[in-house]
Amino acid sequence: MEAILDDRQAPLFGRKTFDISVGPWSISTALDVARMHGAGDPSRFLTLRTLFGGVPKYWRDYAEADGLAEIPVWSRWAWQVCQRLFLRVDAPLREEGASLLGRELRRNYLAVLRAVAHHGPCTHADLQVALPGVSLGPYLKTLVRDLRLIAKHRPVFTSARQRRARYVVSDPFLLAWLRVIQPARQAARIIPAARVAEGMVRRLGTLEGHAFERIVTEATEELSRRGTGFAVTDRVSGYWNRPRRADASVELDLVAWNGDDEVVRFGSCKRRFTKHNARALQRFRAHAEAFLSSTGRRFAGWRQEFVLFAPEFPDEQRARLEAKGWMCQDLRDMQRLLLGGERGERGPLRTSPKIRGED
């Protein structure tokens with residue numbers, strides 16, 4: 001459509017009168033849909049958001065798969081999701097990614113997209129190592145600006161001339177397809193689908209960590225717009241540097257601030273609450289202090305908030321962390337703030353994070 005309307009040689013060039021931008025579902029909409037279809041607990045929502053992002057068609061395919069909501073244990077449920085949506089002969093999304101990529105991308109574009117998927121978040125230098133001899137500039141420009149299949153992220157307060165940008169695949173489904181689903185589809189030609197699905201469930205874990213960071217960022221902005229969370233007066237971002245020494249690296253998952261009240265919020269995202277251990281908490285605070293002493297000096301004298309994010313915090317763990325001055329927020333908190341109601345009103349998790357981590 002863009003080629004027909006925007007190319008100067010196209011017959012309809014200059015006749016476009018308006019644009020309609022169709023974006024993915026917001027976090028609140030996806031949470032509501034997941035809740036309606038028996039996937040509202042943190043583990044299941046995170047898996048589905050990792051696979052489908054906010055595309056309604058893919059959520060509909062899940063909703064039309066009978067019996068998934070009744071499977072009590074997360075590992076068995078995820079195993080069935082992988083088989084019934086992607087691996088079986090009648091799976092509705094069996095060829096979805098191949099069809100999308102085959103229609104849209106030629107060889108070198110696809111190679112760059114695959115490299116970003118498998119190495120991202122990655123720098124230009126990382127991509128050049130992965131694709132030696134390829135002139136990346138034109139391909140990245142098209143994939144980022146025109147097709148918007150890749151996003152170029154910069155750390156907060158970094159100018160365009162500073163070479164700290166990281167590239168990521170912007171569409172969750174395509175990222176899951178390239179990293180997890182497509183290799184599984186190829187393996188299923190010679191290995192029983194049940195065994196392949198077990199490997200898919202394990203590999204989804206890494207993607208869920210990246211997806212959870214994106215959920216936290218999007219939810220922080222959405223809560224601010226609704227006036228039910230931390231009020232942000234500028235964009236929500238992360239921070240990382242390019243130190244000469246490895247021990248001088250600084251990385252923060254989330255940096256958000258309210259300039260009116262002079263409050264800066266730092267966030268650390270972990271896929272499992274157990275990862276917020278003493279060592280990780282010490283490193284988190286040290287990275288925030290390093291940021292405040294360099295790039296973030298403008299926040300001197302502001303009130304600081306340190307927030308720990310995880311899909312689910314058991315009450316005991318939450319109380320212990322909050323007693324030490326940390327703030328905790330999980331997907332149940334986000335659901336309550338975005339959709340209303342009391343925390344945990346939909347009943348206990350079908351499986352605890354500890355059990356899930358051991359699967």
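On a predicted model such as this, the values are computed, not experimentally measured, just so you know.
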Please tell me if the side chains of [X] and [Y] come closer than 4.5 Å, counting only heavy atoms from C-beta onward.
{"X": "Leu149", "Y": "Val169", "answer": "no"}
{"X": "Pro121", "Y": "His153", "answer": "no"}
{"X": "Leu51", "Y": "Val180", "answer": "no"}
{"X": "Ser268", "Y": "His287", "answer": "no"}
{"X": "Ile215", "Y": "Leu331", "answer": "yes"}
{"X": "Asp330", "Y": "Phe273", "answer": "no"}
{"X": "Tyr58", "Y": "Leu85", "answer": "no"}
{"X": "Ser237", "Y": "Val255", "answer": "no"}

Without swapping roles, check the side chain of [X] against the backbone of [Y] for a donor-acceptor pair under 3.5 Å.
{"X": "Ser170", "Y": "Arg148", "result": "yes"}
{"X": "Arg265", "Y": "Trp257", "result": "no"}
{"X": "Thr123", "Y": "Arg166", "result": "no"}
{"X": "Trp79", "Y": "Met200", "result": "no"}
{"X": "Ser224", "Y": "Thr220", "result": "no"}
{"X": "Gln182", "Y": "Gly97", "result": "no"}
{"X": "Arg285", "Y": "Gln282", "result": "no"}
{"X": "Gln128", "Y": "Val134", "result": "yes"}
{"X": "Arg242", "Y": "Arg164", "result": "no"}
{"X": "Arg318", "Y": "Cys328", "result": "yes"}

Start with the C-alpha distance between Tyr167 and Asp126, add both sets of side-chain angles, then the distance that settles side-chain contact (heavy atoms from CB on, under 4.5 Å), and finish with yes or no. CA-CA 10 Å; Tyr167 296 94; Asp126 295 330; over 6 Å; no
Quick one: pull up [atom1] in [X] and [atom2] in [Y] and give me the separation to the nearest 0.5 Å.
{"X": "Phe266", "Y": "Leu252", "atom1": "CZ", "atom2": "CG", "answer": "6.5 Å"}
{"X": "Thr206", "Y": "His210", "atom1": "OG1", "atom2": "NE2", "answer": "6.5 Å"}
{"X": "Leu93", "Y": "Cys82", "atom1": "CG", "atom2": "SG", "answer": "11.5 Å"}
{"X": "Trp240", "Y": "Thr158", "atom1": "CH2", "atom2": "OG1", "answer": "7.5 Å"}
{"X": "Glu305", "Y": "Met327", "atom1": "CD", "atom2": "CE", "answer": "4.5 Å"}
{"X": "Phe291", "Y": "Phe157", "atom1": "CZ", "atom2": "CZ", "answer": "5.5 Å"}

Assess whether side-chain contact (heavy atoms from CB on, under 4.5 Å) is satisfied between Leu321 and Phe313, documenting all intermediate values. CA-CA 10 Å; Leu321 290 168; Phe313 280 108; 3.9 Å; yes
Could you tell me which non-hydrogen atom of [X] sits nearest to which non-hydrogen atom of [Y], and how far apart they are?
{"X": "Arg94", "Y": "Leu87", "answer": "NH1-O, 2.8 Å"}
{"X": "Ala219", "Y": "Ile27", "answer": "N-CG1, 4.1 Å"}
{"X": "Thr50", "Y": "Ala211", "answer": "OG1-CB, 3.2 Å"}
{"X": "Ala39", "Y": "Leu48", "answer": "CB-CD1, 3.6 Å"}
{"X": "Pro92", "Y": "Lys57", "answer": "O-NZ, 4.1 Å"}
{"X": "Val156", "Y": "Thr295", "answer": "O-CG2, 4.1 Å"}

Between Leu131 and Asn108, is a side-chain contact (heavy atoms from CB on, under 4.5 Å) present by the stated rule, with each step listed? CA-CA 10 Å; Leu131 297 170; Asn108 280 350; over 6 Å; no
Which class fits the ring pair Trp326 and Phe306: parallel under 30°, tilted 30 to 60°, perpendicular over 60°?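 Trp326 and Phe306: perpendicular rings.
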In plain terms, say whether Arg235 and Glu221 are close enough for a salt bridge, that is, a side-chain N and a carboxylate O under 4.0 Å apart.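 Salt bridge flag = no for Glu221 with Arg235.
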Any chain of hydrophobic side-chain contacts (each under 4.5 Å) joining Val144 to Val168?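 No.
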State plainly whether one hydrophobic cluster holds both Val129 and Leu113, where clusters connect Ile, Leu, Val, Met, Phe, Trp and Tyr through side-chain heavy atoms under 4.5 angstrom apart.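 No: no chain of side-chain contacts under 4.5 Å links Val129 to Leu113.
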If you apply the rule side-chain contact (heavy atoms from CB on, under 4.5 Å), what do you find for Ile181 with Glu96, and how did you get there? CA-CA 10 Å; Ile181 302 168; Glu96 181 73 10; over 6 Å; no
With Arg49, the salt bridge (Lys or Arg N to Asp or Glu O under 4.0 Å) member among Glu218, Glu208, Glu213: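 Option passing the salt bridge (Lys or Arg N to Asp or Glu O under 4.0 Å) with Arg49: Glu218.
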Verify whether one side chain among Thr47 and Trp74 offers a donor that lies under 3.5 Å from an acceptor in the other.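 Yes, side-chain donor-acceptor contact under 3.5 Å.
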As a quick check of understanding, evaluate side chain to side chain donor-acceptor pair (under 3.5 Å) for Gln317 and Arg320, giving each step before the final call. CA-CA 5 Å; Gln317 174 78 353; Arg320 185 164 54 248; 2.4 Å; yes
